[in-house]
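Only this structure's heavy atoms are used, side chains among them; waters, hydrogens and symmetry mates stay out. Treat the numbers as computed from the prediction; the structure is a model and nothing was measured. Just so it is clear: chains get the letters A, B, ... in the order the sequence lines come, proteins before strands, and each one is counted from 1.
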Amino acid sequence: MITDFQKRVFIVARNIPRGQVLTYGEVARRLGDKNLARAVGNALNKNRDSKVFCHRVVRSDGRVGGFNSGMARKIKLLRGEGVKIKKGRIISPFLKGD
DNA sequence: AGGGTGACCCGCT
DNA sequence: CAGCGGGCCACCC
């Protein structure tokens, strides 16, 4: 059973353009509350059917974060979209590790 | 109703 | 860079 909250998270994740990433915190901000970041991860984790785009959601410190199907897979998907990942860190001007 | 969990975030040391 | 601690939230016993 998917909750209304999970639905909103899913919608935001789906709207992330290919080759681009958003942090859990940014997703939370889009939902209205910065502090939802933790709950966002929780939601994505439960939504196993949506594993297709949830890989575009990463941590604010530049690390990829987790993935229900394994983060190795997550990194592969991101690389496949042209996202640069160096030593486990995503290269993006929006993230700390740039 | 109350406590535990987790794909988090921020600040400080 | 690596820990630690506190805060926040939805969800599941």
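- Rounded to whole Å, atom C1' of dC10(B) lies 12 Å from atom CZ of Arg38(A).
- Considering only the side chain of Lys96(A), dC10(B) comes nearest among dA7(B), dC9(C), dC10(B).
- As judged by a 4.0 angstrom heavy-atom cut-off over every strand, Tyr24(A) is placed among the base-contacting residues.
- Note: CG (Asn45(A)) to C1' (dA7(B)) measures 6 Å, nearest angstrom.
- Rounded to whole Å, the P atom of dA7(B) lies 22 Å from the corresponding atom of dG6(C).
- Lys74(A) places a side-chain N or O within donor-acceptor distance of the main-chain N or O of Gly66(A), the cut-off being under 3.5 Å.
- Between Ile2(A) atom CD1 and dA10(C) atom C1' there is a gap of 14 Å when expressed in whole angstrom units.
- When the C1' atom of dC10(B) is taken as reference, atom NZ of Lys34(A) falls 9 Å away, rounded to whole Å.
- In this structure, CG of Asn35(A) is placed 9 Å from P of dA10(C), rounded to the nearest angstrom.
- Under the 3.5 Å distance criterion, the side-chain polar atoms of Arg79(A) are matched with a main-chain donor or acceptor of Ile85(A).
- Per the geometry, CG belonging to Asn42(A) stands 14 Å off P belonging to dC9(B), to the nearest Å.
- At a threshold of 4.5 Å between non-hydrogen side-chain atoms, the residues Leu22(A) and Phe94(A) do not count as touching.
- Residue Ala39(A) is classed as a base contact, given a heavy-atom separation below 4.0 Å to a base.
- For Ala37(A), counting side-chain heavy atoms from C-beta on, the closest listed nucleotide (dC9(B), dG6(B), dC11(C)) is dC9(B).
- For Arg59(A), the listed nucleotide lying nearest its side chain is dC8(B); candidates were dA7(B), dG6(B), dC8(B).
- Rounded to a whole Å, the CG atom of Asn47(A) is 16 Å from the C1' atom of dC12(C).
- Here the side chain of Asp61(A) pairs a donor or acceptor atom with the backbone of Arg63(A) at under 3.5 angstrom.
- Taking the side chain of Leu36(A) as heavy atoms from C-beta on, and the options dA10(C), dA7(B), dC12(C), the nearest nucleotide is dA10(C).
- Contact annotation: Lys46(A) side-chain N/O to dC12(C) OP1/OP2 distance is under 4.0 Å.
- Checking side-chain atoms of Arg59(A) against main-chain N and O of Val64(A) turns up no donor-acceptor pair under 3.5 Å.
- Where Thr23(A) and Val40(A) each meet DNA chain B at their nearest nucleotide, the meeting point lying more 5' is that of Val40(A).
- Between Ser60(A) and dC9(B) there is a side-chain N or O to OP1 or OP2 distance below 4.0 Å.
- Atoms CZ (Arg73(A)) and P (dA7(B)) sit 18 Å apart, rounded to a whole Å.
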